[in-house]
Undergrad: 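My structure is below; once you've seen it, I'll send some questions.
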Amino acid sequence: MFALVDAVAFYASAEKVFDPSIRKRPVVVLTNNDGCVCAVSPEARKLNVPKFEPYFKLRKFLEQHNVVVRSSNYELYADLSTRMMNVIGRFCDNQYIYSIDESFLQFTGFKSIIDDWHAYGQDIRLAVWRETKLPVGVGFGTTPTLSKAANHAAKKLEGYNGVAVIDDDYSANEILAKMEVTDVWGIGGRLGKKLNMMRIYTALDLKKQNPKYMRKQFSVVVERTIEELNGQVCISWDDVKQPKQEIFSTRSFGERVTDVHDLKSSLSTHCSIVGKKLREQSSMTKQLIIFAHSSPHEDNFYKRSFLYEFPVPTSDSRVLANAVNEVLPQLFHNGVRFYKAGIGAIELVSEQFMQADLFTPTLNNSKLMNSLDSINKVFGKGTIRLASEQQTKSWEMKRDFLSPRYTTRWSDIPKIQC
DNA sequence: TCTGGGGTCCTAGGACCC
DNA sequence: TCTGGGGTCCTAGGACCC
């Protein structure tokens, strides 16, 4: 049995934890640079506030309906996420954290212990609420995709009260019949349209399709999804956790960047981020994509992207930053108002199988990088960083509606007055 | 005044080789 | 009657997720 536990509108709920005055009000949270709406509290959902619409288009509407607007407070969300995950992890010995607010639990050998999954789900919800003041939904299913579907039912369908269980074909069909095909994990809007044309409208319709045939029509992803809906496990974290095949760090700027040094320092920061993520999964990269562009919504869109090949794979942030330095003169163009930049490590290889080059002295210093990671872990991120990362305010992200970092800054800790 | 997120994986199609 | 292969690598764009 699998369970998917996730928070209801996590970012919006996180904003409510330390600010009870907004708990009953509609709340939305914006993405980086206050660009789009990315979290909509249930109260705001009732007003039909769409997700991922640009904020400037919704601003008037949100004001009219007295909706609370907040910038993304990642420091707060990351901390609350950790707390929430710790509570959830107590309920199962096999937890897989899938995103900042979702974790899968895989129950093996629990059958003799747990006879009522509904009650167990309510126990989880109650514990998380009591200890973190975050509302969660719990879906149980015999495959990860079915637990996702159950989770959808738990939170979005009438009469489930936060917990739903799919433990046989009957309960699966009952829930899947009430779900749009695009509510199924892995089926997005585009696929949904094509499926509709084939008269596949509900999740149950999809479940009844022939997986092999659908693989031919679409892809292996659709095939696996259908098998999972039929109770056949295709996604598993049992075996060694799969390392990522590519790692990107990209960001749009708070203010347009026109200065080469600003562009360089932002890219250096991306090098640190990607380097750290590479080391975390014991990978090294052979190739690096380095890109920068102006706004795609502007006329004469400027975009440059380079593929840099390393003679020897690396996970050393400094080596990545050197690559950036090399291409920077070709990337930057005077007069362009840069809107976004980033790097991506592709062609990853495992540290273990790293092939050295007889003729190229390796610049990779993993001891140095490991010490850097350890120091930053203890003393906070950015304690030791590349000199070229030198922060300049101009490209930092815009967050006009930021709440306090209640749990990660001494000055922001809530005070209780007697 | 101007404003539009970030990350990962898959696949079709072109270029090239023998 | 008419007909011309098959594999690999690379890349841009598509699609999905939250």
Side-chain angles (χ1 to χ4, degrees), chain A residues 4 6-14 28-40 50-60 69 71-72 74 77-78 81 97-104 137 144-145 148 151-152 155 181-195 215-225 235 242-256 266 269-270 273-274 277-278 281 283 285-287 289 291 293-298 301 303-307 309 337 339-348 397-400:
Chain A
L4 176 67
D6 74 351
V8 177
F10 179 56
Y11 291 179
S13 297
V28 300
V29 179
L30 309 179
T31 56
N32 280 340
N33 293 319
D34 298 335
C36 294
V37 167
C38 70
V40 179
K51 256 191 181 184
F52 299 108
E53 277 281 309
Y55 168 60
F56 74 90
K57 287 187 181 172
L58 292 170
R59 194 167 48 89
K60 269 228 174 81
V69 176
S71 303
S72 283
Y74 291 114
Y77 309 152
S81 170
I97 295 175
Y98 174 72
S99 74
I100 191 162
D101 79 316
E102 292 175 281
S103 61
F104 285 96
T145 303
K148 267 273 199 185
N151 178 282
H152 173 89
K155 294 195 304 189
V181 71
T182 48
D183 292 333
V184 175
W185 191 31
I187 308 294
R190 298 296 183 90
L191 271 173
K193 265 193 192 137
K194 289 181 192 163
L195 291 169
R215 181 194 184 131
K216 278 203 191 115
Q217 295 296 309
F218 298 97
S219 69
V220 59
V221 182
V222 176
E223 180 194 25
R224 277 201 287 250
T225 302
I235 302 166
Q242 293 299 313
K244 287 186 179 128
Q245 297 171 30
E246 48 184 56
I247 293 172
F248 275 76
S249 175
T250 73
R251 202 110 317 176
S252 43
F253 301 117
E255 277 172 32
R256 298 301 173 81
S266 79
T269 306
H270 293 306
I273 294 169
V274 167
K277 285 187 181 172
L278 283 170
Q281 67 166 33
S283 290
T285 186
K286 283 195 207 164
Q287 297 183 325
I289 289 173
F291 77 89
H293 62 78
S294 65
S295 167
H297 305 289
E298 253 170 32
F301 177 49
K303 177 169 183 170
R304 290 287 179 277
S305 151
F306 294 91
L307 185 63
E309 184 127 11
R337 298 170 67 237
Y339 164 79
K340 183 173 184 170
I343 67 165
I346 57 173
E347 272 255 43
L348 305 192
M397 70 175 126
K398 194 172 105 185
R399 295 197 286 184
D400 286 346

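Each chain gets a letter, A, B and so on, in the order the sequences are listed, and its residues count up from 1.
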Undergrad: Which residues pass the side chain to side chain contact (heavy atoms under 4.5 Å, CB included) test with A:Leu307, sequence neighbours left out?
TA: A:Gln287, A:Ile289, A:Ile346
Undergrad: Dot-bracket, DNA chain C: Watson-Crick or G-U, under 3.5 angstrom, [ ] crossing, | other strand?
TA: ....||||||||||||||
Undergrad: Let me know the distance between CD1 of A:Ile187 and P of C:dC16, rounded to the nearest Å.
TA: 7 Å
Undergrad: Tell me, please, which residues at least two apart from A:Phe301 pass ring-ring contact (aromatic ring centres under 6.0 Å, His included).
TA: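 ring-ring contact (aromatic ring centres under 6.0 Å, His included) list for A:Phe301, sorted by chain: A:His293.
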Undergrad: With sequence neighbours left out, write down each residue that passes salt bridge (charged side-chain N to carboxylate O under 4.0 Å, His left out) with A:Lys155, or none if nothing qualifies.
TA: A:Asp6
Undergrad: Once you round it to whole Å, what is the distance between P of B:dC10 and CD of A:Glu246?
TA: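 So the CD-P distance, A:Glu246 to B:dC10, works out to 9 Å.
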Undergrad: Can you list the residues that meet the salt bridge (charged side-chain N to carboxylate O under 4.0 Å, His left out) rule with A:Glu102, with sequence neighbours excluded?
TA: A:Lys148
Undergrad: If I take atom CZ in residue A:Phe104 and atom P in nucleotide C:dC18, what distance separates them, rounded to the nearest angstrom?
TA: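 Checked: the CZ to P distance equals 8 Å.
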Undergrad: Yes or no on side chain to side chain contact (heavy atoms under 4.5 Å, CB included) for A:Leu4 and A:Tyr98, after CA distance, side-chain angles and deciding distance?
TA: CA-CA 9 Å; A:Leu4 176 67; A:Tyr98 174 72; 5.7 Å; no
Undergrad: C:dC17 C1' sits how many Å from A:Asp101 CG, rounded?
TA: 12 Å
Undergrad: Please report, rounded to the nearest Å, how far the C1' atom of C:dA15 is from the CD atom of A:Glu223.
TA: 18 Å
Undergrad: Might you list the N or O atoms of the protein lying below 3.5 Å from N or O atoms in nucleotides 3-5 of chain B, with each pair's distance?
TA:
{"residue": "B:dG4", "atom": "N9", "partner": "A:His297", "partner atom": "NE2", "Å": "3.3"}
{"residue": "B:dG5", "atom": "OP1", "partner": "A:Tyr339", "partner atom": "OH", "Å": "2.4"}
{"residue": "B:dG5", "atom": "O4'", "partner": "A:Thr31", "partner atom": "OG1", "Å": "3.0"}

Undergrad: In Å and rounded to the nearest 0.5 Å, what is the OG to CG distance from A:Ser13 to A:Asp101?
TA: 9.0 Å
Undergrad: With a non-hydrogen cut-off below 4.0 angstrom, is A:Ser249 in contact with a base, only sugar-phosphate, or nothing?
TA: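 Sugar-phosphate contact only.
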Undergrad: A:Arg304: what forms a salt bridge (charged side-chain N to carboxylate O under 4.0 Å, His left out) with it, not counting sequence neighbours?
TA: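 Salt bridge (charged side-chain N to carboxylate O under 4.0 Å, His left out) list for A:Arg304, sorted by chain: empty.
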Undergrad: State which residues pass salt bridge (charged side-chain N to carboxylate O under 4.0 Å, His left out) with A:Arg190; sequence neighbours excluded, sorted by chain then number.
TA: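 A:Arg190 satisfies salt bridge (charged side-chain N to carboxylate O under 4.0 Å, His left out) with no residue once adjacent residues are dropped.
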Undergrad: Tell me the interatomic distance from A:Asp183, atom CG, to C:dC17, atom P, rounded to whole angstroms.
TA: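 One finds 10 Å between P of C:dC17 and CG of A:Asp183, rounded.
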Undergrad: With a non-hydrogen cut-off below 4.0 angstrom, is A:Gly344 in contact with a base, only sugar-phosphate, or nothing?
TA: nothing
Undergrad: Can you measure from CZ (A:Arg337) to CD (A:Glu298) and round to the nearest 0.5 angstrom?
TA: 5.0 Å
Undergrad: Under the ring-ring contact (aromatic ring centres under 6.0 Å, His included) test, which residues partner A:Tyr339, sequence neighbours left out?
TA: none
Undergrad: Among C:dC18, C:dC16, B:dG7, which is the nearest nucleotide to the side chain of A:Thr250?
TA: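 For the A:Thr250 side chain, the nearest candidate turns out to be B:dG7.
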Undergrad: Could you go through nucleotides 11-14 of chain C and list every protein N or O atom that sits under 3.5 Å from one of its N or O atoms, giving the distance for each pair?
TA:
none

Undergrad: In whole Å, what separates the P atom of B:dG4 from that of C:dC18?
TA: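 Pairwise P distance, B:dG4 against C:dC18, rounds to 25 Å.
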Undergrad: Have a look at A:Glu102 and say if it touches a base, only the backbone sugar-phosphate, or nothing, with a 4.0 Å heavy-atom cut-off.
TA: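 Sugar-phosphate contact only - A:Glu102 comes under 4.0 Å of backbone atoms but never of a base.
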Undergrad: Hey, does A:Val184 reach any base, or is it just sugar-phosphate, or nothing, if we go heavy atoms under 4.0 Å?
TA: sugar-phosphate
Undergrad: Taking side-chain hydrogen bond (donor to acceptor under 3.5 Å, both in side chains) as the test, write out the residues that go with A:Ser252, two or more places apart.
TA: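 In terms of side-chain hydrogen bond (donor to acceptor under 3.5 Å, both in side chains), with neighbours along the sequence ignored, A:Ser252 is linked to A:Asn33.
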Undergrad: Round to a whole Å and report the spacing from CD of A:Gln281 to P of B:dG7.
TA: 14 Å
Undergrad: Taking CG from A:Leu30 and C1' from B:dG6, how many angstroms apart are they, rounded to a whole number?
TA: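 After rounding, the reported distance stands at 15 Å.
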Undergrad: Kindly write out the residues that satisfy ring-ring contact (aromatic ring centres under 6.0 Å, His included) with A:Tyr77, not counting sequence neighbours, or none if the list is empty.
TA: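 For A:Tyr77, the residues satisfying ring-ring contact (aromatic ring centres under 6.0 Å, His included) (neighbours in sequence not counted) are A:Tyr11.
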